[in-house]
Amino acid sequence: MKLLLVDDEEKFVSRLAERLELRGFEADWATTYEEALAKVRAEKYDIAVLDVKMPSMSGIDLKNRIEKITPGIKFIFITGHG
């Protein structure tokens with residue numbers, strides 16, 4: 001299973017990708033919506049894990065753009081806010 005992790009906190013998202021890879025997942029990560037969209041255009045992902053609150057574009061808006069590129073992809077949303 002191939003995952004794309006998107007969060008503006010590089011330390012968090014890179015470590016999360018490492019932990020998931022130790023558990024057998026293939027995980028790429030991005031810290032901006034531009035980087036995430038470029039990866040989605042270049043690769044096929046099964047699941048995108050998106051931070052809800054990011055600079056420039058919310059995770060919800062990013063979801064809508066990713067769905068147009070990769071119909072059928074599944075999403076998980078994360079946030080550090082209550």
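What you see below is based on every heavy atom in this structure, not just the backbone, and it leaves out hydrogens, waters and symmetry mates. Numbers for residues simply follow the sequence, beginning at 1.
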Inset, instruction - Please check if the side chain of Arg65 supplies one atom and the backbone of Asp61 the other of a donor-acceptor pair under 3.5 Å. - result: no

Inset, instruction - Would you confirm whether Thr70, through its side chain, and Ile73, through its main-chain N or O, come within 3.5 Å as a donor-acceptor pair? - result: no

Inset, instruction - Give, for atom CE of Met57 and atom CG of Asp8, the distance between the pair rounded to the nearest 0.5 Å. - result: 13.5 Å

Inset, instruction - Verify side chain to side chain contact (heavy atoms under 4.5 Å, CB included) between Thr31 and Asp7, making sure each step is shown before the conclusion. - result: CA-CA 5 Å; Thr31 57; Asp7 192 294; over 6 Å; no

Legend entry - Inter-residue atom distance Glu34.CD - Leu62.CG, 0.5 Å rounding: 10.0 Å

Legend entry - Residue of the set Val13, Leu4, Leu5, Val6 for which side-chain contact (heavy atoms from CB on, under 4.5 Å) holds with Val49: Leu5

Inset, instruction - Take Ile76 and Leu3 through the test side chain to side chain contact (heavy atoms under 4.5 Å, CB included) and record every step on the way to the result. - result: CA-CA 10 Å; Ile76 298 172; Leu3 291 88; 5.9 Å; no

Legend entry - Spatial distance of atom CZ (Arg23) from atom CE (Met1) [nearest 0.5 Å]: 15.5 Å

Inset, instruction - Supply the atom-to-atom distance Glu26 CD to Leu20 CG, rounded to the nearest 0.5 angstrom. - result: 12.0 Å

Legend entry - Listed partners of Glu43 passing salt bridge (Lys or Arg N to Asp or Glu O under 4.0 Å), at least two apart: Lys2

Legend entry - Taking every non-hydrogen atom, the tightest pair across Ala30 and Ala36: CB-N, 3.7 Å

Legend entry - ILVMFWY network linking Phe75 to Met54, side-chain heavy atoms under 4.5 angstrom: yes

Legend entry - Donor-acceptor side-chain pairing of Asp28 and Tyr45 below 3.5 angstrom: yes

Inset, instruction - Spell out, as yes or no, whether a donor-acceptor pair under 3.5 Å connects the side chain of Lys39 to the backbone of Trp29. - result: yes

Legend entry - Side-chain heavy atoms of Glu18 within contact of Leu22, under 4.5 Å: no

Legend entry - Hydrophobic cluster membership, Ile47 vs Ile78, 4.5 Å side-chain cutoff: yes

Inset, instruction - Provide the closest heavy-atom pair for Tyr33 versus Ser56 in the form atom of the first, atom of the second, distance. - result: CE2-CB, 3.7 Å

Legend entry - Straight-line distance of Glu10 CD to Arg15 CZ, nearest 0.5 Å: 10.5 Å

Legend entry - Shared hydrophobic cluster, Val52 / Phe12 (ILVMFWY, side-chain heavy atoms < 4.5 Å): no

